[in-house]
Each structure stands twice: as C-alpha cells, then as structure tokens.
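Structure first, then comments.
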Amino acid sequence: MEDENDRHPRPPEGSTTVVVGFYGLHRTDFRPAAQRTAKLGIRPSTGLAGAPMLGIAFGLGWTPCLGPTLAAISALSLSAASAPRGALLATVYCVGLGLPFLALATGLGWATTATAFLRRHIRAINIAGGVAMIGIGIFMISGLWTMLVYSLQGLISGTVLPI
C-alpha cells in the first residue's frame with residue numbers, strides 16, 4: 001500500500017544525488033587537480049600471503065553493490081517458500097558475477113577488447129554518468145522520479161519471473 005507522503009518531492013535524497021553527479025563531473029578532466037591519486041608507499045605481499053587482504057578490500061568495496069541483489073534473491077526465495085529456487089537464483093547470480101572475472105583472468109580477446117574500449121572512452125562514460133546522476137537528482141527533488149517509479153511498478157506488477 002502506497003503512502004501519500006511517497007508522492008512528495010524528496011529534496012534531501014535528490015540534493016545528495018546532484019552533489020554526487022557534480023562530483024563525478026569534477027573528477028573528469030574539467031579539473032586536473034581532482035585526478036591526483038594518493039597511494040601509500042606500502043607494497044603488499046603477493047601470492048597466498050597477500051590474498052586475504054585483497055579479498056577483504058574487494059569485499060568492502062563490493063558490499064554496497066552485492067548486498068541489495070543478494071537480499072532480493074533471498075526475498076524471492078522466501079516469498080515462494082522454495083529453497084531450491086533460492087539456490088538456483090544464487091547459483092545463476094554467482095556464475096554471472098564470476099564469468100567476467102574468469103574471462104579477464106584467462107585473457108580472452110573479447111574481454112581485453114571490451115576493457116580497452118572502456119579505457120578509451122572513460123571520460124565520456126564519466127561525463128554521461130555525472131549528467132545522468134544530476135538529472136535523476138533533479139527528478140527526485142521535483143517529485144518526478146517518484147511518479148516515474150510508481151508508473152513503472154504498475155507496468156511490471158503482473159510480471160512472473162521464469163525462475
């Protein structure tokens with residue numbers, strides 16, 4: 001059931017999104033000083049000794065990305081009261097997450113080509129992302145984003161997932 005307050009503009013969230021968008025633009029070549037990288041002079045061990053630290057750093061960086069997806073998988077399996085469905089969804093998710101890393105690790109040509117394309121166009125990608133964030137933030141401040149999300153919910157509410 002939707003709350004009437006959900007239809008109102010959301011200035012705090014929208015303002016934050018606009019600020020993040022401008023930060024993304026700021027990090028492009030508009031201001032070369034923003035491109036500096038500060039690195040510690042420490043060289044971590046390689047091999048088995050350095051692997052746990054790499055795993056910890058990777059896990060900390062990806063938790064905000066992986067958490068909502070794994071929560072959605074858990075919610076879908078709980079709503080259907082089906083452990084096999086949850087296991088299947090989690091397996092498919094893990095395979096889909098791992099394949100690009102395996103492709104890069106094995107040095108497949110298409111993976112190298114794809115990352116080279118991204119490296120060549122990173123400035124345009126960053127600018128497009130910053131502009132998109134600013135646009136979404138303005139939509140959130142005005143209340144248009146909430147209206148768009150509600151209209152999309154109406155479109156997909158009858159969708160039945162194949163798995």
Side-chain angles (χ1 to χ4, degrees), residues 1-10 12-14 16-21 23-24 27 44-140 143-163:
M1 180 159 180
E2 67 186 60
D3 186 5
E4 194 58 37
N5 291 329
D6 285 339
R7 297 228 179 237
H8 292 292
R10 300 186 177 279
E13 296 97 334
T16 305
T17 306
V18 169
V19 168
V20 170
Y23 177 74
R27 294 281 301 165
S45 320
T46 57
L48 290 178
M53 290 308 295
L54 176 63
I56 290 170
F58 192 76
L60 286 173
W62 274 43
T63 298
C65 301
L66 299 177
T69 305
L70 292 176
I73 289 171
S74 298
L76 284 171
S77 62
L78 286 172
S79 68
S82 171
R85 180 181 185 200
L88 177 64
L89 288 171
T91 301
V92 170
Y93 173 71
C94 289
V95 168
L97 182 65
L99 283 178
F101 292 104
L102 292 174
L104 286 172
T106 57
L108 291 178
W110 66 265
T112 306
T113 304
T115 56
F117 173 82
L118 293 174
R119 280 194 302 269
R120 276 194 318 272
H121 296 91
I122 192 67
R123 185 170 187 271
I125 292 168
N126 285 342
I127 290 171
V131 169
M133 291 286 286
I134 292 167
I136 290 170
I138 291 169
F139 275 30
M140 290 172 80
L144 291 173
W145 186 253
T146 305
M147 291 171 47
L148 175 67
V149 169
Y150 278 135
S151 66
L152 289 175
Q153 284 177 345
L155 285 174
I156 63 171
S157 64
T159 304
V160 178
L161 297 174
I163 297 178

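Excluded from the calculations below are hydrogen atoms, water molecules and symmetry mates; all remaining heavy atoms, backbone and side chain alike, are included. As the structure is a computational prediction, the values presented were derived from the model and not from experiment.
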Checklist entry - About how many Å separate CD1 of I125 and CZ of R120, when rounded to the nearest 0.5 Å? => result 10.0 Å
Item to check | side chain to side chain contact (heavy atoms under 4.5 Å, CB included) partners for A83, two or more places apart | outcome: none
Checklist entry - Which distance, rounded to the nearest 0.5 Å, do you find between the OG1 of T91 and the CD1 of I73? => result 9.0 Å
Item to check | Euclidean distance, L70 CG relative to C94 SG, rounded to 0.5 Å | outcome: 7.0 Å
Next on the checklist: Holding to side chain to side chain contact (heavy atoms under 4.5 Å, CB included), I want the full list of residues that pass it with I138, two or more places apart in sequence or in another chain.
Outcome noted: V18, I134
Checklist entry - What heavy-atom pair brings M140 and T17 nearest, and what distance separates the two atoms? => result SD-OG1, 3.6 Å
Checklist outcome for this item: Between the CD1 atom in I122 and the CD1 atom in I127, the distance rounded to the nearest 0.5 Å is 10.5 Å
Checklist entry - If you look only at pairs with a residue in residues 117-136, which of them pass as a ring pair (Phe, Tyr, Trp, His ring centres under 6.0 Å), with sequence neighbours excluded? => result F117-H121
Next on the checklist: Going by the rule side chain to side chain contact (heavy atoms under 4.5 Å, CB included), which residues pair with S77 if we only count those two or more places apart in sequence or in a different chain?
Outcome noted: none
Checklist entry - Listed by chain and number, what are the side chain to side chain contact (heavy atoms under 4.5 Å, CB included) partners of V19, not counting sequence neighbours? => result none
Item to check | For Y93, ring pair (Phe, Tyr, Trp, His ring centres under 6.0 Å) partners two or more places apart | outcome: none
Next on the checklist: Among L99, V92, L97, exactly one meets side chain to side chain contact (heavy atoms under 4.5 Å, CB included) together with V95. Which residue is that?
Outcome noted: L99
